[in-house]
Amino acid sequence: MCEGAELLLQLKQRLCRSIDEAEAKLHSLSQDIWSCPELAYQENKAHLRLVEFFSQEEGWKVDPHYKLQTAFRACCSVGDSEQKDVVSVGFLCEYDALPAIGHACGHNLIAEVGAAAALGLKAVLENTHKLPVRVQVVVLGTPAEEDGGGKIDMLREGAFEGLDVVFMAHPSKEDAPYLPCVAVHDVTIKYHGKASHASAYPWEGINALDAAVLCYNNLSALRQQMKPDWRVHGIIKHGGVKPNIIPAYTELEYYLRTASRAELSVLKEKAERCFRSAAVATGCEVEVEFARNQYDNMLRIATLEELYEMNGKALGMDFTTDEDVLKNESGSTDFGNVTFVAPGIHPYFYIGSNALNHTEEYTVAAGDDRAQFFTLRTAKALAMTALDVLLRPELLQKVKQEFTEAKLKEEQNAKQPAKPS
């Protein structure tokens with residue numbers, strides 16, 4: 001069916017036209033999500049809008065509350081129903097916002113990219129004769145990326161089982177097939193002391209603020225023995241109620257980050273000793289509460305990155321070559337956990353602004369009409385990459401082999417982590 005590069009090119013062009021034809025309704029979808037920002041696990045209006053969007057599209061079977069209340073699954077099958085070989089490709093939509101500043105991470109555009117890519121791929125496959133496999137196109141609505149890790153909850157419930165390749169893209173201020181994402185685990189530390197008058201009889205008190213300060217300083221001292229790419233950053237959320245009362249309760253919140261999940265367990269052990277020793281020194285009781293979900297680093301699949309970059313360049317993308325950007329291990333995402341279950345790609349895309357993510361300026365940029373061209377261009381590149389993998393079986397096998405090797409390498413690293421001092 002697709003033996004020649006010319007035919008594949010024609011199919012990609014048809015795919016792009018299909019996405020262009022859906023531009024108005026895709027823009028409307030994105031704007032509706034952007035104009036009503038909702039926090040993690042509370043994305044009721046965005047969730048409903050996406051469910052209605054796919055329910056109104058022909059050929060999609062929609063599960064409106066898939067594993068989580070504000071998650072969904074939309075799927076369609078294309079190809080000969082008697083074909084034994086089935087390949088499932090997944091496109092992910094995110095749609096939660098940030099407190100106070102709304103869609104400053106552009107998740108409305110992530111949702112639009114996922115929806116557009118899925119529509120475009122479905123349209124071109126339905127008009128392609130003699131597909132080598134039966135294709136299942138799956139769209140997963142994944143809530144709570146900013147806080148909580150909705151994808152991890154869904155992984156725990158088996159939502160990603162059966163997917164052969166997973167695609168999503170994230171807004172940024174540059175185009176890049178990959179940017180380093182690190183493993184992270186959030187932790188809350190609570191110290192319980194004993195209140196007393198700070199002037200009249202301070203010796204009767206047990207100072208929980210002293211414990212919090214020691215904890216903070218312990219971690220600061222630990223930095224000398226931390227690897228260069230480890231990150232520990234936090235705040236004192238509660239430090240007492242009044243200067244003349246010995247604080248009976250204090251609370252800190254920290255994020256612990258490392259380049260891999262294997263190293264994160266080492267850092268967590270070192271940090272926990274800092275938390276608990278502060279309690280011992282001050283006589284306080286301590287609670288150490290790690291968040292339910294740990295975000296993992298992302299496993300890279302070179303073949304997917306190369307295909308995406310090739311398709312992106314064909315559409316006019318100018319990929320960054322800035323080494324400071326390409327090597328800067330900064331953010332974290334629950335998509336990292338997905339890449340330990342299925343091979344995937346998480347490129348970044350320019351939206352027409354040089355604003356930085358998680359700023360009010362980026363919120364404005366994510367809702368600006370100028371972002372639409374770049375968003376749909378990204379959707380096209382993702383769908384074209386999926387088409388490459390579907391119509392060239394040798395590429396799919398290469399992707400799966402790289403995935404197996406990447407997991408094996410990670411498992412070997414986990415067995416031989418750096419020993420804590």
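Quick caveat, the model's predicted, so the values are computed rather than measured.
- Under 3.5 Å, the side chains of Ser353 and Asp368 contain no donor-acceptor pair of N or O atoms.
- For Asp80, the salt bridge (charged side-chain N to carboxylate O under 4.0 Å, His left out) test picks out no residue, with sequence neighbours left out.
- More than 12 heavy atoms of other residues, nucleotides or ligands sit less than 6.0 Å from atom CZ of Phe340.
- No donor-acceptor contact under 3.5 angstrom links the side chains of Glu38 and His47, judged on distance only.
- Here the closest non-hydrogen pair linking Val113 and Ala169 is CG1-CB, 4.2 Å.
- For the side chain to side chain contact (heavy atoms under 4.5 Å, CB included) criterion with Cys76, the lone passing option out of Glu57, Glu58, Lys122, Lys61 is Lys122.
- For an aromatic pair to be called close, the ring centres must be under 6.0 Å apart, and Phe374 with Tyr350 satisfies this.
- More than 12 heavy atoms of other residues, nucleotides or ligands sit less than 6.0 Å from atom CG of Asp322.
- Looking at Arg370, its side chain never comes within 3.5 Å of a backbone N or O of Gly367 through a donor-acceptor pair.
- Smallest separation of non-hydrogen atoms from His103 and Ile33: NE2-O, 3.2 Å.
- Shown here are the salt bridge (charged side-chain N to carboxylate O under 4.0 Å, His left out) partners of Lys398, two or more places apart in sequence or in another chain: there are none.
- In this structure, Glu361 and Leu356 have side chains that are not in contact, with every pair of non-hydrogen atoms separated by 4.5 Å or more.
- Here the CG-OG1 distance, from Leu252 to Thr188, works out to 9.0 Å after rounding to the nearest 0.5 Å.
- Side-chain N/O atoms of Tyr348 and Asn357 include no donor and acceptor closer than 3.5 Å.
- Note: Glu43 CD to Asp96 CG = 5.0 Å, rounded to the nearest 0.5 Å.
- When every heavy atom of Pro180 is checked against every heavy atom of Val325, the shortest pair comes out as CD-O, 4.3 Å.
- Side-chain contact between Leu179 and His170 is absent, with no heavy-atom pair separated by less than 4.5 Å.
- In this structure Arg17 satisfies the salt bridge (charged side-chain N to carboxylate O under 4.0 Å, His left out) test with no other residue, sequence neighbours excluded.
- Note: Phe319 and Tyr308 have perpendicular aromatic rings, judged against thresholds of 30 and 60 degrees for the angle between ring planes.
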Under the side-chain contact (heavy atoms from CB on, under 4.5 Å) criterion, do Ile351 and Tyr362 qualify, and how do the steps go?
-> CA-CA 10 Å; Ile351 65 168; Tyr362 207 86; 3.4 Å; yes
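- Under 4.0 Å is where a charged nitrogen must lie from a carboxylate oxygen, and between Asp334 and Lys151 at least one such pair does.
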Could you go through the side-chain contact (heavy atoms from CB on, under 4.5 Å) check for Tyr255 and Tyr295 one step at a time?
-> CA-CA 11 Å; Tyr255 291 176; Tyr295 287 26; over 6 Å; no
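- The shortest heavy-atom contact between Cys105 and Glu146 is CB-OE2, 3.2 Å.
- A donor-acceptor pair under 3.5 Å is absent between the side-chain atoms of Thr142 and the main chain of Leu92, judged by distance alone.
- To the nearest 0.5 Å, atom CG of residue Leu155 and atom CG of residue Asn337 are 6.5 Å apart.
- Counting only distance, with no hydrogens or angles, the side chain of Asn218 and the backbone of Cys274 share a donor-acceptor pair below 3.5 Å.
- Proximity of the aromatic rings of Tyr95 and His107 is defined here by a centroid distance below 6.0 angstrom, and this criterion is not met.
- No hydrogens or angles considered: a donor-acceptor pair under 3.5 Å links the side chains of Glu112 and Ser30.
- The main-chain N or O of Val182 is found under 3.5 Å from a side-chain atom of Ser332 such that the two form a donor-acceptor pair.
- Within 6.0 Å of CG on Asp147 lie no more than 12 heavy atoms contributed by other residues, nucleotides or ligands.
- Remark: the Lys270 side chain and the Gln225 side chain contain no N/O donor-acceptor pair separated by less than 3.5 Å.
- Of all heavy-atom pairs spanning Leu304 and Pro343, the tightest one is CD1-C, 4.4 Å.
- Gln401 and Glu405 share a side-chain donor-acceptor pair at under 3.5 Å.
- In this structure, Leu11 and Leu391 approach most closely via the heavy-atom pair CD1-CD1, 3.6 Å.
- Between Leu29 and Lys25 there is no side-chain heavy-atom pair separated by less than 4.5 Å.
- Rounding to the nearest 0.5 Å places CZ of Phe91 at 5.0 Å from CG of Leu121.
- Asp164 places a side-chain heavy atom less than 4.5 Å from the side chain of Lys400.
- Heavy-atom neighbours of Glu394 CD from other residues, nucleotides or ligands within 6.0 Å: above the threshold of 12.
- Contact check for Leu68 versus Met154: side-chain heavy atoms found under the 4.5 Å cut-off.
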Criterion side-chain contact (heavy atoms from CB on, under 4.5 Å) on Val399 and Glu402, from CA distance to verdict = CA-CA 5 Å; Val399 165; Glu402 290 178 14; 5.7 Å; no
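- Residues Arg156 and Asn293 bring a donor and an acceptor atom of their side chains to less than 3.5 Å of each other.
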Derivation and outcome, salt bridge (charged side-chain N to carboxylate O under 4.0 Å, His left out), residues Glu309 and Lys313 | CA-CA 6 Å; Glu309 188 166 357; Lys313 286 180 177 178; 3.5 Å; yes
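- A salt bridge does not link Lys45 with Asp32: every distance from a Lys NZ or Arg NE/NH1/NH2 to an Asp or Glu carboxylate oxygen is 4.0 Å or more.
- Atom CE of Met168 sits about 11.5 Å away from atom OG1 of Thr378, to the nearest 0.5 Å.
- The environment of CD in Gln83 is crowded: more than 12 heavy-atom neighbours from other residues, nucleotides or ligands sit within 6.0 Å.
- Formation of a donor-acceptor pair under 3.5 Å by the Arg300 side chain with backbone atoms of Tyr178 is not found in this model.
- Expressed to the nearest 0.5 Å, how far OG1 of Thr250 lies from CG of Leu209 amounts to 6.5 Å.
- For Arg223 (side chain) and Val232 (main-chain N/O), a donor-acceptor pair under 3.5 Å exists by modelled atom type.
- Taking 4.0 Å as the cut-off between side-chain N and carboxylate O, Glu411 and Lys407 do not count as a salt-bridged pair.
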Working for side-chain contact (heavy atoms from CB on, under 4.5 Å), residues Leu163 and Gln136 | CA-CA 9 Å; Leu163 291 179; Gln136 187 174 54; 5.8 Å; no
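- The closest side-chain heavy-atom distance from Trp60 to Leu119 is below 4.5 Å.
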